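Here the structure is a predicted model, which means the values were calculated and not measured. Values below: all heavy atoms of this structure, side chains included; hydrogens, waters and symmetry mates excluded. Remember, it's 1-based here, ligands and their atoms both numbered in the order they're listed. The first residue in the sequence is number 1, and the count goes up from there.
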Amino acid sequence: MTKFKLGLIVGSNRRQSINRQLAQALGRLAADRFEAGIVRIDDLPMYNQDLEAALPESVTRFKAELEAADAILFVTPEHSRSIPAVLKNAIDWGTRPWGKNSWTGKTAAVTGTSQGAVATAVAQQHLRAVLGDIGMVVMGGEAYIGFKPGLVDERYAVTDDSVRKFLQAFIDQLAALTGKLSAKIVPRAAA
Ligand SMILES: Cc1cc2nc3c(=O)[nH]c(=O)nc-3n(C[C@H](O)[C@H](O)[C@H](O)COP(=O)(O)O)c2cc1C
């Protein structure tokens, strides 16, 4: 069976990011349905329209990886009750130059983890609004993952059974939606 391509985007540029750990764990849970890999965003320059005249190599690479993906899974922390700047910067680069939006029509899913009580819920809501505006098809449902030390082990396995089952169902839902959206469009009958 051909696997879908899944781009994992982590909304943190921190070396020990708990969201990167969660993204790696999700990539592992997705392995039988998706070819999953992290799409790097921490090497993108701060968006500046002046740079569009000669796109930096990191931007060209980033946009090519987006365009090759069937679906994008965002795994993000919450910064000041919103989207981290590093992630918003990547989103903006993906939409540019004008007319070359690399996100349009792709399936998106959103999750994230923090140690806080609301576990990234506000950031996720903000992110969903932005993703809809840039033309992505955003999967419904909610996945706010409260982080505890040891939740993801050194081999990126989720150690808590109920969290693992929840995340597996989330990935299965994403695979089903990606399959539906990737189905061939039936041409209109001639008038
Ligand atoms: C600038 C900044 C703002 C933050 N704001 C929030 C917040 O609004 N809500 C929250 O739950 N955690 C907040 N945190 C804590 C993060 O959830 C925590 O640092 C988490 O580990 C970040 O995820 P990461 O390890 O993937 O980078 C904030 C952290 C930083 C550095």
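With a heavy-atom cut-off of 4.0 Å, Glu78 touches ligand 1 through backbone and side chain alike. Counting heavy atoms closer than 4.0 Å to ligand 1, residue Ser12 contributes side-chain atoms (C-beta onward) but none from N, CA, C or O. With a 4.0 Å heavy-atom cut-off, ligand 1 is reached by no atom of Arg20.
Nearest protein heavy-atom neighbour of atom 29 (C) of ligand 1: His79 CD2, 3.8 Å. Nearest protein neighbour of atom 26 (O) of ligand 1, counting heavy atoms only, is Ser17 OG, 2.6 Å. Scanning the protein for heavy atoms near atom 25 (O) of ligand 1, the closest one is Arg14 NH2, 2.8 Å. Ser114 OG, 3.2 Å is the protein heavy atom nearest to atom 11 (O) of ligand 1.
Atoms of ligand 1 found under 4.0 Å from any heavy atom of Ser80 (numbered from 1 in listed order, with element): 3 (C), 4 (C), 5 (N), 6 (C), 7 (C), 8 (O). The ligand atoms of ligand 1 that sit less than 4.0 angstrom from a heavy atom of Gln115 are 18 (C), 20 (C), 21 (O).
For Tyr156, the OH atom counts as loosely surrounded, since its 6.0 Å shell holds 12 or fewer non-hydrogen atoms of other residues, nucleotides or ligands.
With rounding to the nearest 0.5 angstrom, the OG1 atom of Thr76 is 11.0 Å from the CG atom of Leu22.
Of the N or O atoms in Arg81, one or more lie within a sub-3.5 Å distance of an N or O in ligand 1. Considering backbone and side-chain N/O atoms, Gln16 never comes within less than 3.5 Å of an N/O atom of ligand 1. Between Asn19 and ligand 1, at least one pair of N/O atoms sits closer than 3.5 Å. Taking distance alone, with nitrogen or oxygen atoms compared against 3.5 Å, Pro77 stays at or beyond that limit from ligand 1.
Protein heavy atoms are found less than 4.0 angstrom from atom 21 (O) of ligand 1.
Taking a cutoff of 4.0 Å between a charged side-chain nitrogen and a carboxylate oxygen, Glu65 and Arg61 qualify as a salt bridge. One finds no salt bridge joining Asp32 and Lys3 here, because no Lys/Arg side-chain nitrogen approaches an Asp/Glu carboxylate oxygen to under 4.0 Å.
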>> Applying side-chain hydrogen bond (donor to acceptor under 3.5 Å, both in side chains) to Asp92 and Thr95, what does each step give before you reach the verdict?
In response: CA-CA 5 Å; Asp92 289 347; Thr95 64; 5.1 Å; no

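Of the residues listed (Val110, Thr107, Ile171), the one engaging Leu73 in a side chain to side chain contact (heavy atoms under 4.5 Å, CB included) is Ile171, and it is the only one.
Classified by interplanar angle (parallel below 30°, tilted 30° to 60°, perpendicular above 60°), the ring pair Trp103/Phe74 is tilted. Ring orientation note: the planes of Phe4 and Phe34 are tilted relative to one another, at an angle of 30° to 60°.
Among residues at least two apart or in separate chains, side chain to side chain donor-acceptor pair (under 3.5 Å) pairs with a member in residues 136-153 are Gln125-Tyr144, Glu142-Tyr144.
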